[in-house]
Engineer: 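Have a look at the structure that comes next, please.
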Amino acid sequence: MNNELRLRDKAVNWHPYTQMKTAEHIIPIVSAKGVYLTDSDGKSYIDAVSSWWVTLHGHSHPYIAQKVSEQLSTLEQVIFAGFTHKPAIELSERLLALLPNNQQKVFYTDNGSTAIEVGLKMCIQYWFNKKQKRSKVLAFKNAYHGDTFGAMSVSGRGIWTDPFGAMLFEVIFIDVPTKENFEANKRIIDQHADDIACFVYEPLVQGAAGMLMHESECLSELMTYCRSKNVLMIQDEIFVGFGRTGKLFAADHLTEKPDVMCFSKGLTGGTMPLGLTTCTNEIYDAFYSEEKDKALFHGHSFTASPLACTAAVASLDLLLRPETQDDIARIVAQHKAFADKLQLHEKVKCVRQTGTILALEWKTGNTTSYFDDIHDRLYAYFLNKGILLRPLGNIIYLLPPYCVTNEELNHIYTTIFQALDEV
Ligand SMILES: *Cc1c(COP(=O)(O)O)cnc(C)c1O
């Protein structure tokens with residue numbers, strides 16, 4: 001393999017979630033188009049994980065590229081305090097029109113973790129501004145909401161967070177809702193009800209936990225209970241938003257509406273970093289005041305980047321086209337047929353699907369773990385076959401860009417069956 005870029009990279013770059021000493025397969029990518037990534041040797045890979053769950057319409061999409069390029073030579077950046085611009089106005093208008101109708105205002109950031117930070121600050125300061133003592137946060141066990149300190153605090157604790165344990169704020173963790181545990185969760189909420197500022201959750205799919213899934217009816221029931229206790233709800237749609245669940249948003253599967261929603265990842269079609277947090281007028285109004293100290297004191301240098309907002313508007317144009325909606329339905333159906341076959345394989349412990357997200361658990365002697373060494377073997381196996389799949393421990397998941405063809409899907413499915421027999 002062409003080693004030049006690799007060696008230069010190794011000399012200067014520190015990669016995310018990577019033990020640099022043992023990392024072997026850091027691959028220089030020189031171009032990407034549609035579902036394919038091409039490395040510096042000219043080998044191509046199907047990006048079956050949408051490059052960490054962000055790419056919706058395929059890489060280097062010409063329509064998004066054109067819109068961003070026009071914007072780049074018109075207005076590339078402007079401070080978002082005291083100034084505004086059309087891409088942010090248009091994106092907010094277009095997005096709010098698609099969300100539950102209680103979502104009325106948009107606060108911009110530049111990634112998912114900070115969208116969560118803002119959601120937490122909105123809810124905690126909401127109670128502060130109202131002079132009510134509510135400061136605890138409720139979250140699901142095994143949650144993942146990002147890597148900044150607030151986002152880490154409301155995420156499941158483990159080896160990732162251990163070095164920082166003492167610095168994370170206290171959170172009340174509950175099990176994801178099932179048909180059986182509603183009463184138990186109710187009791188926990190009751191115990192703390194007057195102290196809980198907000199409940200933050202990944203709706204329907206806990207991505208980083210290993211694509212764990214729960215039923216929309218059970219989540220709706222829990223949300224309704226939170227509503228009855230005046231617990232504000234922060235719905236983290238950073239991963240599941242923009243069609244991943246088969247509908248535009250996870251919210252479209254639920255009967256109860258959240259107070260706050262967080263978006264990033266697929267927001268720009270995966271082309272540029274952008275995050276945003278939406279909220280109700282009820283929350284916004286708790287900050288809207290003659291008193292300066294009631295404002296939300298939060299902002300990032302690149303808040304509402306005009307380039308990223310332009311990419312997001314272009315991505316929405318593509319997402320709402322009937323062709324894209326048909327593609328999403330097609331992927332859901334293809335996954336379903338594959339899942340039915342996969343279920344019967346002796347090495348498969350279980351298969352789960354929510355919309356375009358498919359996950360299978362590989363039977364190993366050990367209990368399921370992120371550090372299962374089968375991860376390394378599977379990762380290398382698929383890369384060798386020209387497919388980027390990035391198992392979470394012994395869990396293989398598939399969430400391709402929506403432009404993936406049936407032939408490409410079948411190639412991935414066949415290779416997974418081969419891996420089951422060969423690895
Ligand atoms: C990825 C992710 C985040 C964090 O977003 P970043 O942009 O990586 O900071 C938060 N919540 C969920 C559900 C995610 O999948």
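First listed ligand is number 1; within each ligand, the first listed atom is number 1.
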Engineer: Going by the order shown, which atoms of ligand 1 are within less than 4.0 Å of some heavy atom of Phe239?
Structural biologist: 15 (O)
Engineer: Return the closest protein heavy atom for atom 11 (N) of ligand 1 as residue, atom name and distance.
Structural biologist: Asp236 OD2, 2.7 Å
Engineer: What I'd like to find out is whether the side chain of Glu76 reaches to under 4.5 Å of the side chain of Pro306, using heavy atoms alone.
Structural biologist: no
Engineer: Out of Leu232, Ile234, Val231, which residue meets the side chain to side chain contact (heavy atoms under 4.5 Å, CB included) rule with Phe199?
Structural biologist: Val231
Engineer: Looking only at N/O atoms, are Trp53 and ligand 1 under 3.5 Å apart anywhere?
Structural biologist: no
Engineer: Rounded at 0.5 Å granularity, tell me how far CD in Gln343 sits from CD in Gln353.
Structural biologist: 10.0 Å
Engineer: Look at Arg157 together with Asp162 and state whether they make a salt bridge at an N to O cut-off of under 4.0 Å.
Structural biologist: no
Engineer: Against heavy atoms of Asn111, which atoms of ligand 1 measure under 4.0 Å?
Structural biologist: 7 (O), 9 (O)
Engineer: Hey, is ligand 1 close enough to Gly112 that some N/O pair sits below 3.5 Å?
Structural biologist: yes
Engineer: Is Lys179 salt-bridged to Glu217, going by a charged N under 4.0 Å from an acidic O?
Structural biologist: no
Engineer: In terms of residue, atom name and distance, what is the protein heavy atom nearest to atom 2 (C) of ligand 1?
Structural biologist: Lys265 NZ, 2.5 Å
Engineer: Can you list the atoms of ligand 1 that are under 4.0 Å from a heavy atom of Ser113?
Structural biologist: 4 (C), 5 (O), 6 (P), 9 (O)
Engineer: Mind checking whether Glu202 has an N or O less than 3.5 Å away from an N or O of ligand 1?
Structural biologist: no
Engineer: Any protein heavy atom lying closer than 4.0 Å to atom 8 (O) of ligand 1?
Structural biologist: no
Engineer: Nearest 0.5 Å please: distance from the CD atom of Glu221 over to the CE atom of Met223.
Structural biologist: 12.5 Å
Engineer: Could you check whether Lys294 makes a cation-pi contact with Phe287, meaning its NZ or CZ is under 6.0 Å from the centre of the six-membered ring and within 45° of the ring axis?
Structural biologist: no
